[in-house]
K.L.:
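Could you have a look at this structure, given as structure tokens, before my questions?
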Amino acid sequence: MIKVGVDEMTIVVILKDKSLLKSHYWEDLAERVISEIDETLLLDQIFGPKSENEQKKIAGYSNGYGFGNHPFYFRICYHHAYWKMGVAIKFSAQSLAYFCEKFSAQNGGEIEVYQILQLLNSEFDYQFQVRLSRIDFCADFIDEGLSVNDLNRELQAGSIHFEYSTGKNNTSQINFYTSNNVVDTIYVGSKKANITTFLRIYNKRKEQIEQHGIHFNEAVNCNDWVRMENSIRGDYAHDITKRMLEMGNRDDLVSLISACLLNKYSLIDSNGADHKMTTLLRLAAEDPSDYYYSGSKYQDFSLDESLDYLVEKSGLLPFLYKAKTFDPDAITLFTQYLAERLERYSPTWSVTHWMTVHGQYYRVHGIKDVFAKKKT
């Protein structure tokens with residue numbers, strides 16, 4: 001099975017004509033643009049009130065705003081001195097999923113990435129240009145008998161290689177990441193600023209299980225799951241914007257994502273035949289349908305969600321009920337046991353990663369509300 005989708009994206013609203021600055025200061029214009037973005041995308045209703053945010057502004061921008069209080073990343077930024085940088089709107093994968101879910105619920109119909117661009121373009125078309133500065137496309141190959149380690153071995157041996165859609169070999173540098181002598185991630189290309197496309201192929205099943213991610217249930221119930229993730233920037237992203245502004249349905253999006261992956265990363269064997277991943281991508285590109293689309297999915301990674309899991313799904317309450325039946329001091333014994341275990345606990349990578357992503361939120365807001373909300 002193959003599913004394609006959008007992981008994250010950054011949109012920029014840019015002045016079409018510098019002459020507008022003769023009658024307006026850029027900062028005033030930028031603030032006006034942000035207000036109109038807020039109103040058009042219902043950001044205040046979906047994420048919460050706008051607030052200046054000095055934490056983790058989009059790279060290169062001096063002024064930044066967040067909306068509401070969330071552990072995921074969503075920012076709108078501009079640079080006070082450089083109007084050519086425009087106003088940037090950055091959605092992480094989770095903030096994009098959250099936005100699409102909440103926007104659709106409020107408006108009684110689903111919204112896709114291309115429709116976000118179309119909404120903004122209709123609002124700003126006269127004086128501003130709306131375009132992508134970055135978008136990440138992905139393709140998931142689930143239960144297809146594929147292995148990242150096997151792919152790397154074949155690439156290193158030269159039995160398969162990457163080609164452009166023109167048939168020319170893609171000679172981009174290939175690097176890989178090894179864990180316990182097994183290759184779980186392959187990188188194709190460079191992340192340098194002037195490079196417009198970069199590919200990552202990795203073991204999505206392993207990642208989701210180790211991190212207890214939003215697709216954890218799907219991961220434990222499949223045998224293998226390999227993801228291709230293509231980060232597209234610069235002029236290439238601008239070209240994709242034009243295609244998206246003309247889209248009318250999800251099938252068009254499926255076709256575009258698949259075609260973009262094939263455009264630079266068709267896997268071909270030494271006999272000139274398509275590798276299985278390329279065969280599946282061609283199928284989605286040539287005969288697109290909803291079946292091949294993986295929509296944005298939001299899951300709460302907060303302490304609230306962890307507490308819900310412990311209380312409702314982990315079996316903790318049944319255990320404590322049984323223990324307390326036999327000894328009234330069971331709760332005290334249990335908390336003492338946990339305290340001793342916590343002193344000896346070494347956090348895994350997934351825990352330290354969670355702290356990096358969500359720690360700032362709880363350092364500012366504390367955790368008392370986590371328990372207070374559950375009581376009510």
K.L.:
Could you pull out the closest heavy-atom pair between Trp26 and His79, with the gap in Å?
P.N.:
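Looking at all heavy atoms of both residues, the shortest contact is NE1-O, 2.8 Å.
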K.L.:
If you compare all heavy atoms of Cys77 against all heavy atoms of Ile58, which two are closest, and at what distance to 0.1 Å?
P.N.:
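Residues Cys77 and Ile58, closest heavy atoms: SG-N, 3.5 Å.
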K.L.:
Would you find a donor on one side and an acceptor on the other, under 3.5 Å apart, between the side chain of Asp7 and the backbone of Cys138?
P.N.:
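Flag not set: sc Asp7 to bb Cys138 has no pair under 3.5 Å.
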K.L.:
With no hydrogens and no angle check, do the side chains of Tyr265 and Ser172 hold a donor and an acceptor under 3.5 Å apart?
P.N.:
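Per modelled atom types, Tyr265 and Ser172 side chains form no pair under 3.5 Å.
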K.L.:
Just say parallel, tilted or perpendicular for the rings of Phe128 and Phe124, cut-offs at 30° and 60°.
P.N.:
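If you compare the ring of Phe128 with that of Phe124, the planes turn out perpendicular.
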K.L.:
Counting C-beta onward and ignoring hydrogens, is there a side-chain heavy-atom pair between Glu110 and Arg250 closer than 4.5 Å?
P.N.:
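Side-chain contact under 4.5 Å: yes.
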K.L.:
Scan side-chain atoms only and decide if Asn230 and Thr197 contain a donor-acceptor pair under the 3.5 Å cut-off.
P.N.:
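Yes, side-chain donor-acceptor contact under 3.5 Å.
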K.L.:
Compare every heavy atom of Met247 with every heavy atom of Gln118, then report the nearest pair and how far apart it is.
P.N.:
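Reported closest heavy-atom pair: NE2-O, 2.9 Å.
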K.L.:
With a 4.0 Å cut-off, would you call Arg134 and Asp136 a salt bridge?
P.N.:
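Result for this pair is yes, salt bridge flagged.
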K.L.:
Classify the ring geometry between Tyr98 and Phe47 as parallel (under 30°), tilted (30 to 60°) or perpendicular (over 60°).
P.N.:
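Parallel: the ring planes of Tyr98 and Phe47 meet at under 30°.
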K.L.:
When you measure from the side chain of Ser266 to the backbone of Tyr164, do you find a donor-acceptor pair of N or O atoms at a distance under 3.5 Å?
P.N.:
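No, the answer is negative, given that no donor and acceptor are paired below the 3.5 Å cut-off.
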K.L.:
Cluster question for you: counting only ILVMFWY and a side-chain heavy-atom cut-off of under 4.5 Å, with indirect links fine, are Val87 and Val12 together?
P.N.:
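Different clusters.
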K.L.:
Hey, any chance Val13 and Phe74 share a hydrophobic cluster, counting ILVMFWY side chains that come within less than 4.5 Å of each other, even indirectly?
P.N.:
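In one cluster: yes.
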K.L.:
Is any side-chain N of the basic residue among Asp184 and Lys206 closer than 4.0 Å to the acidic one's carboxylate O?
P.N.:
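A salt bridge is present here (some side-chain N lies under 4.0 Å from a carboxylate O).
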K.L.:
Could you go step by step and tell me if Lys16 and Gln129 meet the side chain to side chain contact (heavy atoms under 4.5 Å, CB included) rule?
P.N.:
CA-CA 6 Å; Lys16 283 183 177 179; Gln129 179 184 14; 4.2 Å; yes
K.L.:
Any donor and acceptor pair, going by atom type alone, linking the side chain of Asp252 with main-chain N or O of Gly248 inside 3.5 Å?
P.N.:
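Yes.
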K.L.:
Measure the CG-CD distance between Asn63 and Glu27 for me, rounded to the nearest 0.5 Å.
P.N.:
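Between atom CG of Asn63 and atom CD of Glu27 there are 6.0 Å.
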K.L.:
Please report the shortest heavy-atom distance between Ile116 and Phe99, naming the atom on each side.
P.N.:
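Smallest heavy-atom distance, with atoms named: CD1-CE2, 3.7 Å.
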K.L.:
Going by atom types alone, do Glu31 and Tyr25 pair a side-chain donor with an acceptor below 3.5 Å?
P.N.:
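Distance-only check fails for Glu31 and Tyr25.
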K.L.:
So does Glu218 pair up with Arg205, basic N to acidic O under 4.0 Å?
P.N.:
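So Glu218 does not pair with Arg205 through a salt bridge.
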K.L.:
Please round to the nearest 0.5 Å and tell me the distance separating atom CD of Glu154 and atom NE2 of His161.
P.N.:
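Between atom CD of Glu154 and atom NE2 of His161 there are 12.5 Å.
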K.L.:
When you compare the side chains of Tyr73 and Glu8, does any donor N or O come within less than 3.5 Å of an acceptor on the partner?
P.N.:
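Per modelled atom types, Tyr73 and Glu8 side chains form no pair under 3.5 Å.
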K.L.:
Okay, side chain of Ser104, backbone of Ile111: is any donor-acceptor separation there less than 3.5 Å?
P.N.:
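Yes: the side chain of Ser104 pairs with the backbone of Ile111.
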K.L.:
Test your reading of the model: is there a side-chain donor-acceptor pair from Ser147 to the backbone of Asp150, 3.5 Å cut-off?
P.N.:
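Yes, Ser147 side chain to Asp150 backbone: donor-acceptor pair under 3.5 Å.
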K.L.:
When you check the gap from the basic side-chain N to the acidic O, do Arg282 and Asp287 get nearer than 4.0 Å?
P.N.:
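So Arg282 does not pair with Asp287 through a salt bridge.
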K.L.:
Test side chain to side chain contact (heavy atoms under 4.5 Å, CB included) on Leu316 and Leu320; report intermediate values, then the result.
P.N.:
CA-CA 6 Å; Leu316 176 63; Leu320 291 176; 4.0 Å; yes
K.L.:
Would you compute the distance between atom CG of Asn149 and atom CD1 of Ile186 and round it to the nearest 0.5 angstrom?
P.N.:
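Those atoms lie 8.5 Å apart.
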K.L.:
Rounded to the nearest 0.5 Å, how far apart are OG1 of Thr278 and CG of Leu267?
P.N.:
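Here the rounded value is 4.5 Å.
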K.L.:
Are Glu36 and Arg32 within salt-bridge range, i.e. N to O under 4.0 Å?
P.N.:
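Here Glu36 pairs with Arg32 in a salt bridge, since their nearest N and O are under 4.0 Å apart.
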K.L.:
Is Val4 linked to Leu132 within one hydrophobic cluster, defined over Ile, Leu, Val, Met, Phe, Trp and Tyr using a side-chain heavy-atom separation of less than 4.5 Å?
P.N.:
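Yes; Leu132 is reachable from Val4 via cluster members.
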K.L.:
Any chance the side chains of Arg341 and Tyr337 put a donor and an acceptor closer than 3.5 Å?
P.N.:
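There is such a pair (donor and acceptor under 3.5 Å, judged by atom type) between the side chains of Arg341 and Tyr337.
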K.L.:
Where the side chain of Thr241 meets the backbone of Ala237, is there a donor-acceptor pair that is under 3.5 Å apart?
P.N.:
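The answer is yes, because a donor-acceptor pair under 3.5 Å joins these two groups.
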K.L.:
Which heavy atom in Asn223 sits nearest to a heavy atom in Asp143, and how many Å separate them?
P.N.:
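So the two residues come closest at N-OD1, 2.7 Å.
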K.L.:
Is the Trp225 ring parallel, tilted or perpendicular to the His215 ring (thresholds 30°, 60°)?
P.N.:
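Perpendicular: the ring planes of Trp225 and His215 meet at over 60°.
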K.L.:
Do you know which two heavy atoms are closest between Phe198 and Val188, and how far apart they sit?
P.N.:
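So the minimum-distance heavy-atom pair works out to CD1-O, 3.6 Å.
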K.L.:
Quick check on the hydrophobic clustering: are Tyr236 and Leu117 connected, directly or via other members, by side-chain heavy-atom contacts under 4.5 Å?
P.N.:
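Yes, Tyr236 and Leu117 fall within the same hydrophobic cluster.
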K.L.:
Is it true that Glu163 and Lys168 make a salt bridge, defined as a side-chain N closer than 4.0 Å to a carboxylate O?
P.N.:
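Lys168 and Glu163: not salt-bridged.
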K.L.:
Output the distance between atom CZ (Arg200) and atom OH (Tyr177), rounded to the nearest 0.5 Å.
P.N.:
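The OH atom of Tyr177 is 11.0 Å from CZ of Arg200, to the nearest 0.5 Å.
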K.L.:
Report the residue from Ile2, Leu262, Leu151 that forms a side-chain contact (heavy atoms from CB on, under 4.5 Å) with Met277.
P.N.:
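Between Met277 and the candidates, side-chain contact (heavy atoms from CB on, under 4.5 Å) is satisfied uniquely by Leu151.
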K.L.:
Could you walk me through whether Lys50 and Ile76 pass side chain to side chain contact (heavy atoms under 4.5 Å, CB included), step by step?
P.N.:
CA-CA 10 Å; Lys50 181 181 76 173; Ile76 299 184; over 6 Å; no
K.L.:
Is it true that Lys3 and Asp140 have a side-chain N and a carboxylate O under 4.0 angstrom from each other?
P.N.:
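Here Lys3 does not pair with Asp140 in a salt bridge, since their nearest N and O are not under 4.0 Å apart.
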K.L.:
Counting C-beta onward and ignoring hydrogens, is there a side-chain heavy-atom pair between Thr185 and Phe176 closer than 4.5 Å?
P.N.:
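No, their side chains stay 4.5 Å or more apart.
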K.L.:
Give a yes or no on whether the backbone of Leu119 and the side-chain of Ser122 come within a donor-acceptor separation of less than 3.5 Å.
P.N.:
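Checking the backbone N and O of Leu119 against the side chain of Ser122, a donor-acceptor pair under 3.5 Å is found.
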K.L.:
Checking the side chain of Asp269 only, and the main-chain atoms of Asn271 only, is there a donor and an acceptor separated by less than 3.5 Å?
P.N.:
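At least one qualifying donor-acceptor pair exists.
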K.L.:
Leu280, Ile268: one ILVMFWY side-chain cluster at the under-4.5 Å cut-off?
P.N.:
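Different clusters: Leu280 never reaches Ile268 through Ile, Leu, Val, Met, Phe, Trp or Tyr contacts under 4.5 Å.
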K.L.:
Measure the spacing between OG of Ser289 and CG of Asp251 and express it to the nearest 0.5 Å.
P.N.:
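If I round to the nearest 0.5 Å, the distance is 6.0 Å.
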K.L.:
The test is side chain to side chain contact (heavy atoms under 4.5 Å, CB included); show your working for Val182 and Thr178 and say whether it passes.
P.N.:
CA-CA 5 Å; Val182 175; Thr178 303; 5.6 Å; no
K.L.:
Ignoring hydrogens and angles, tell me if any N or O in the side chain of Arg233 forms a donor-acceptor pair with the backbone of Ile195 under 3.5 Å.
P.N.:
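Such a contact is found between Arg233 side chain and Ile195 backbone.
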K.L.:
Regarding Tyr187 and Gln173, do their side chains bring together a donor and an acceptor under 3.5 Å, going by distance alone?
P.N.:
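No, no side-chain donor-acceptor contact under 3.5 Å.
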K.L.:
Walk me through whether Arg227 and Glu207 qualify under salt bridge (Lys or Arg N to Asp or Glu O under 4.0 Å).
P.N.:
CA-CA 10 Å; Arg227 169 172 280 201; Glu207 179 217 53; over 6 Å; no
K.L.:
Is there a donor-acceptor pair under 3.5 Å between the side chain of Asn221 and the backbone N or O of Asn217?
P.N.:
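A pair under 3.5 Å: yes.
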